[in-house]
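Contents: one structure, followed by commentary.
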Amino acid sequence: MDLLGVDYPYSTSALSGKHALVCGASKGIGAATAKMLAKAGADVTVCARNEHALQQLCAEMEALGNGKHHSLVLDLEDTESLNPAVSELIEQRGTIHILVNNAGGPPGGPLIENSVSDFDAPFKRHLHASHILTQLVIPGMESTGYGRIVQIISTSVKEPIPNIGLSNTLRGAMASWAKSLSRELHPCITINNVLPGFTNTERLGSLASSINQRTGKSIDEVHEGWMSQVPIERLIEPLETASAITFLTLPASGGIRGVSLAVDGGRLRGI
Ligand SMILES: NC(=O)c1ccc[n+]([C@@H]2O[C@H](COP(=O)([O-])OP(=O)(O)OC[C@H]3O[C@@H](n4cnc5c(N)ncnc54)[C@H](OP(=O)(O)O)[C@@H]3O)[C@@H](O)[C@H]2O)c1
């Protein structure tokens, strides 16, 4: 599927003049989101730890012929580094109008076997980092009258997923944090969550390997088990998730606030 080709869903000037900061953008859903925002005309700053991957992504975004793009190497777990790095980014490249909060998911396994310290790193790179970044971008969003904040979380917000209890716990906290902020933020700023289902990225591959090691099920069996839960009978492509995220950043989405939108091929059973 080439959502950036003939099926690209938005106007290529939809986000002209907007500056987006996309976290966890070196691969997977974050990278796809950065590309789609660039295609929609935004100037995109991509951040993650893998500098080489970020530079490659910037080159790909430049080739789309829209906007000016920039990479920022950041470890979201190093929360002390976020304020100086992002303040400098804003000083040099201007207000951030769109913030996509995203980072790698925690390891799988039974929750009862996790030590208390296992919660530290995932909570830092997701909840703590999102809170710090949101506080940093809000003044500019308010002064320019435009703000869109989107978290990439998980369908486990609605239905906890077996054997990834650490992730379930974190995602619930993230969703509650975002919903709370949706009642507090300035009217010109929206905050929403996108909940990926089984999506064709490295994250899913590493979860399959961890299930394989723990249960002895083959990777194919794990995959078949997942697909049996999904009415569309295939993995979601990252650009499909990116398409939902991009929609939530558009001027036209200003009335959508505090929602958690699943892009899961219909896996969730609740209404
Ligand atoms: N794929 C799925 O099926 C699925 C389903 C439900 C939920 N999710 C969740 O949705 C989110 C995105 O998923 P994905 O599949 O795109 O994940 P992914 O392929 O594992 O990508 C994660 C991104 O986060 C970055 N990252 C990880 N740790 C970081 C840190 N400490 N500081 C800065 N950046 C960091 C990674 O880049 P660097 O390594 O370069 O830092 C990478 O760009 C994750 O939270 C994932 O758990 C995914």
Side-chain angles (χ1 to χ4, degrees), residues 18-31 33-34 37-38 42-55 57-58 61 68-106 117-144 146-154 166-167 169-182 184-186 189-194 203 245 248-249:
K18 303 287 190 289
H19 177 199
L21 173 60
V22 182
C23 300
S26 63
K27 60 186 174 187
I29 299 167
T33 301
L37 293 172
D43 298 325
V44 182
T45 298
V46 285
C47 85
R49 295 164 302 177
N50 183 334
E51 185 171 16
H52 178 67
L54 292 177
Q55 283 169 353
L57 175 60
C58 279
M61 293 193 299
K68 291 189 171 58
H69 313 299
H70 179 68
S71 66
L72 179 64
V73 176
L74 270 186
D75 181 349
L76 294 169
E77 279 171 39
D78 181 6
T79 48
E80 300 286 311
S81 70
L82 302 182
N83 191 329
V86 175
S87 298
E88 191 184 338
L89 173 72
I90 293 171
E91 211 175 291
Q92 291 182 352
R93 306 190 72 85
T95 293
I96 293 165
H97 306 95
I98 296 165
L99 170 64
V100 178
N101 285 312
N102 176 45
S117 62
D118 290 340
F119 289 80
D120 294 346
F123 270 77
K124 269 193 175 175
R125 66 178 179 267
H126 286 269
L127 189 63
H128 299 193
S130 298
H131 192 70
I132 293 166
L133 296 178
T134 297
Q135 286 178 327
L136 287 166
V137 300
I138 277 177
M141 290 178 171
E142 287 182 357
S143 67
T144 58
Y146 194 90
R148 299 284 184 267
I149 304 172
V150 182
Q151 286 63 237
I152 305 177
I153 320 184
S154 167
L166 189 53
S167 176
T169 309
L170 168 72
R171 311 307 184 163
M174 283 293 295
S176 194
W177 168 83
K179 188 68 179 173
S180 304
L181 283 178
S182 75
E184 291 182 13
L185 297 181
H186 189 279
I189 305 172
T190 67
I191 181 164
N192 294 291
N193 306 313
V194 164
R203 162 74 176 165
I245 295 165
L248 291 171
T249 71

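The basis for the numbers below is simple: all heavy atoms, side chains too, and nothing from hydrogens, waters or symmetry mates.
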What pairs with [X] under side-chain contact (heavy atoms from CB on, under 4.5 Å), at least two apart in sequence or on another chain?
X	answer
Glu88	Gln92
Ile90	Val86, Ile96
Arg49	Asp75
Gln135	His131

Listed partners of [X] passing side chain to side chain donor-acceptor pair (under 3.5 Å), at least two apart:
X	result
Ser71	none
Glu184	none
Asn83	Ser87
Thr144	none

Locate the shortest heavy-atom distance separating [X] from [Y]; write the atom from each residue and the value.
X	Y	value
Val22	Gly30	CG1-O, 3.6 Å
Leu166	Pro122	CD2-CG, 4.4 Å
Asn193	Ala175	ND2-CA, 3.8 Å
Ala34	Leu57	CB-CD2, 4.1 Å
Ser26	Ala31	C-CB, 4.2 Å
Trp177	Ile191	CZ3-CD1, 4.1 Å

Could I get the full list of salt bridge (Lys or Arg N to Asp or Glu O under 4.0 Å) partners for Arg148, not counting sequence neighbours?
-> none
Mind checking salt bridge (Lys or Arg N to Asp or Glu O under 4.0 Å) for Lys27 and listing every partner two or more places apart, or none if nothing turns up?
-> Glu202
Hey, what do you get for [atom1] ([X]) to [atom2] ([Y]), rounding to the nearest 0.5 Å?
X	Y	atom1	atom2	result
Thr190	Ile149	OG1	CD1	7.5 Å
His69	Leu37	NE2	CG	10.0 Å
Leu133	Thr79	CG	OG1	10.5 Å
Phe123	Met174	CZ	CE	9.5 Å
Ile189	Ile138	CD1	CD1	5.0 Å
Phe119	Leu127	CZ	CG	13.0 Å

Is there side-chain contact between [X] and [Y], with at least one heavy-atom pair below 4.5 Å?
X	Y	value
Ser81	Leu74	yes
Met141	Leu185	no
Leu54	Asn50	no

Please, which pairs that meet side chain to side chain donor-acceptor pair (under 3.5 Å) have at least one residue in residues 120-130, sequence neighbours excluded?
-> Glu77-Arg125
Is there any side chain to side chain donor-acceptor pair (under 3.5 Å) pair reaching into residues 94-103, and which pairs are they, with sequence neighbours excluded?
-> Asn101-Gln151
Side-chain (Asp43) to main-chain (Lys68) donor-acceptor, under 3.5 angstrom | yes
Are the side chain of Arg203 and the backbone of Gly28 linked by a donor-acceptor contact shorter than 3.5 Å?
-> no
Stepwise side chain to side chain contact (heavy atoms under 4.5 Å, CB included) test for Thr33 and Val150 | CA-CA 11 Å; Thr33 301; Val150 182; over 6 Å; no
